[in-house]
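Since the structure comes first, as structure tokens, the remarks are kept for the end.
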Amino acid sequence: MNKCKLYLNYAGHCLAKANHAVKGDENISIKFHALFGVIQHPDMGWILFDTGYTERFYKATKNFPNKLYALITKVEITKADELKQQLESNGIHPGDIKHIIISHFHADHIGGLKDFEDATIYCSKLAYDQVLKTSNKFAFAKGILKDLIPQNIDKRLRFIEDCSQTVDDEIFGVKHDLFNDESIYIYPLPGHAAGQIGIIVQTNIAKYFLIADACWNARAFKTDALPNPIVRLFFDSWSDYKESIQKVKLFHEKYPDVIIIPTHCETSTSKLVNPAFNLDAL
Ligand SMILES: [Zn+2]
């Protein structure tokens, strides 16, 4: 098996309510950090998992109806915090990025997509179909800002279902061996968004399961603490969401050593992110 290196950090955040993320929690503001992953693969080079926020969010939400998105979701991102800038500060240039895995097309996951023009973009067909069938006018209500999507994306997309080997999985039904070398496995985690995916990466130190927004707080799969049902309005499918969490829960019970990382769960991510670009810490 080809082992990768993994680096995690934040590219901006939005403010959310604790009692929306977990029903019954306090009515206080919390940060939803936009986590990204940088993977160094021994043969495939640099790979990104999601791309965080960029200042493009402000431009994309300047006018109605997208302005409603910004009014509901207060986003804080500076140029210095953008993924592209963080990489450049560490000698990695946009052209060095050849592969980007997108968990789903919400603005906090694809904000930096336009910065990496040479990268092949991997996502599920279901996730992209959802983008195509959502009208420009109402896309914001599904968390999608079409201005953040590169214009030539059709030429650069590769659908996980088509390009990688499908393997049976005892819990998730199927998983996909992205590069057919067992280095990165893609798992279906639908519900929060149509066709959402997560990845498992094995490093020399541990196995990490980046589950994106399959849940917002790790307590969802540890103690069944679900979000406030009000958030259903923005979800693709509440039943798929609950089913995905149950699968993550089963996985956690069966493989307690795997480090499961929900993108916006600060308790899970704060001990993994690192301002210093260290590829040997995780
Ligand atoms: Zn998110």
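All values derive from a computational prediction rather than experimental measurement. Remember, it's 1-based here, ligands and their atoms both numbered in the order they're listed.
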Point to revise | Proximal heteroatom of Asp108 relative to the Zn ion (ligand 1) (N/O/S) | key: OD2

Exercise for review: Compute whether any side-chain donor of one residue and acceptor of the other, for Tyr128 and Asp154, lie under 3.5 angstrom apart.
Suggested key: yes

Check your understanding: Among Thr61, Asp115, Asp147, which one satisfies side-chain hydrogen bond (donor to acceptor under 3.5 Å, both in side chains) with Arg56?
Key -> Asp115

Review point. When you measure from the Zn ion (ligand 1) to each N, O or S atom of Asp213, which atom gives the shortest distance?
Key: OD2

Point to revise | Closest approach of Pro262 to Thr269 (non-hydrogen atoms, all atoms of both residues) | key: O-CG2, 3.7 Å

Check your understanding: Using 30° and 60° as the class limits, which term best fits the ring planes of His192 and Trp216: parallel, tilted or perpendicular?
Key -> perpendicular

Point to revise | Angular separation of His109 NE2 and His264 NE2 about the Zn ion (ligand 1), given to 10° | key: 110°

